[in-house]
Amino acid sequence: MFSEYRIHPALLHLLYCLLCSAGEEVVRLQELEGNTVTIHTGLTGVQSDAHILWFYGPENADIKIVNSQIIRGEIITDYYSERLRDRLQLNRTSGSLTIRNISREDSGVYKLHIITGSISVWSFSVDVYAPVSKPVIRNQAEKRSVSLRESCSPLCSVENGKDVSLSWYEEKERISSISSSDSSEHLYLPLNKTNPDCCAYTCVAANPVSNQTTQLNITELCYNSTGRLKSLF
Ligand SMILES: *[C@@H]1O[C@H](CO)[C@@H](O)[C@H](O)[C@H]1NC(C)=O
Ligand SMILES: *[C@@H]1O[C@H](CO)[C@@H](O)[C@H](O)[C@H]1NC(C)=O
Ligand SMILES: *[C@@H]1O[C@H](CO)[C@@H](O)[C@H](O)[C@H]1NC(C)=O
Ligand SMILES: *[C@@H]1O[C@H](CO)[C@@H](O)[C@H](O)[C@H]1NC(C)=O
Ligand SMILES: *[C@@H]1O[C@H](CO)[C@@H](O)[C@H](O)[C@H]1NC(C)=O
Ligand SMILES: *[C@@H]1O[C@H](CO)[C@@H](O)[C@H](O)[C@H]1NC(C)=O
């Protein structure tokens, strides 16, 4: 009897290749706008006659941006993308690509092909962020009715952006947090808890590459002209 599990070697090879492409590892990079960023390959000694190609695209890496090969003993490196050209630098020893003054428009998928008889492929997903802005704390009660003007309810806000979150900290402990993926222009987070004996309240705005902190000054925000603490909330 034949084994039920016997698979033709060619089919096995096909299956393997489907798996290998499906499982292709994508290295994720998160970078701050304006920085010089090197997409490292981890390689140290790419064969000196290798044909090296870099591709880029916002969704799929389908635009050729770098082509470097040896033609009649001479290294010829072409940078194609008009937008990226003057900011790119290929390192042929490592295959790494350096992008100067990276911008948010440079976010996307970068793919490296190194061809030396066989072809090896690396994929990178690059997210570029603007630095987050500094949060602002104001007394929400001031905008309310006259009867509520004597109370104090600190409200922190910040300009929204990709992956921005806003949090209140009591000393080192995070007590509340908010984020929103919709395109609302600002994030708002009220301070809904105060410990009169406490310490420092800070509001922190953060994205994956930067953060900014504003400290709540209760004296400034919550005392009225006679120097009395307004009731909180
Ligand atoms: C190119 O990469 C190699 C290997 O990582 C490194 O030693 C070398 O300094 C790099 N060259 C430049 C010009 O950055
Ligand atoms: C960096 O790029 C921005 C546009 O993305 C440009 O306004 C700025 O002048 C550039 N800075 C440098 C130092 O090249
Ligand atoms: C404060 O707000 C957070 C979420 O914003 C909520 O989880 C928490 O229960 C609130 N605490 C109080 C005392 O209202
Ligand atoms: C804020 O950024 C600094 C580095 O700039 C980092 O050390 C710190 O952990 C960050 N804080 C928060 C709350 O994300
Ligand atoms: C808080 O605000 C008051 C009044 O504006 C000011 O005198 C004081 O120095 C501030 N405290 C801190 C810790 O910034
Ligand atoms: C200041 O706040 C205290 C406590 O809420 C209140 O009794 C007092 O009338 C306030 N004074 C002024 C001038 O608003």
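Whatever order the structure lists ligands and atoms in, that order sets their numbers, starting from 1.
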Quick one: table the atom pairs, ligand 4 N or O against protein N or O, below 3.5 Å, distance rounded to 0.1 Å.
from: ligand 4; atom 1: 2 (O); to: Asn211; atom 2: OD1; distance (Å): 3.4
from: ligand 4; atom 1: 2 (O); to: Asn211; atom 2: ND2; distance (Å): 2.2
from: ligand 4; atom 1: 11 (N); to: Asn211; atom 2: ND2; distance (Å): 2.8
from: ligand 4; atom 1: 14 (O); to: Asn211; atom 2: ND2; distance (Å): 3.2

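The ligand atoms of ligand 1 that sit less than 4.0 angstrom from a heavy atom of Asn91 are 1 (C), 2 (O), 3 (C), 8 (C), 10 (C), 11 (N), 12 (C), 14 (O). For ligand 5, the atoms lying closer than 4.0 Å to a non-hydrogen atom of Asn217 are 1 (C), 2 (O), 3 (C), 8 (C), 10 (C), 11 (N), 12 (C), 14 (O).
Two rings, from Phe124 and Trp54, have their centers less than 6.0 Å apart.
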Self-check item: salt bridge (charged side-chain N to carboxylate O under 4.0 Å, His left out) between Arg83 and Asp106, worked out
Solution: CA-CA 9 Å; Arg83 194 169 61 75; Asp106 302 335; 2.5 Å; yes
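Within the structure, salt bridge (charged side-chain N to carboxylate O under 4.0 Å, His left out) pairs that include any residue of residues 121-137 comprise Arg28-Asp127, Asp127-Lys162 (at least two apart or interchain).
Between Ser179 and Ser165, the side chains place no donor N or O within less than 3.5 Å of an acceptor N or O (distance only, hydrogens not considered). Residues Thr202 and Thr213 have side chains that never bring a donor and an acceptor to within less than 3.5 angstrom of each other.
Considering all non-hydrogen atoms of both residues, Ala130 and Ser210 come closest at O-OG, 4.2 Å.
Ring orientation note: the planes of Tyr201 and Trp168 are nearly perpendicular, at an angle over 60° on the 30°/60° scale.
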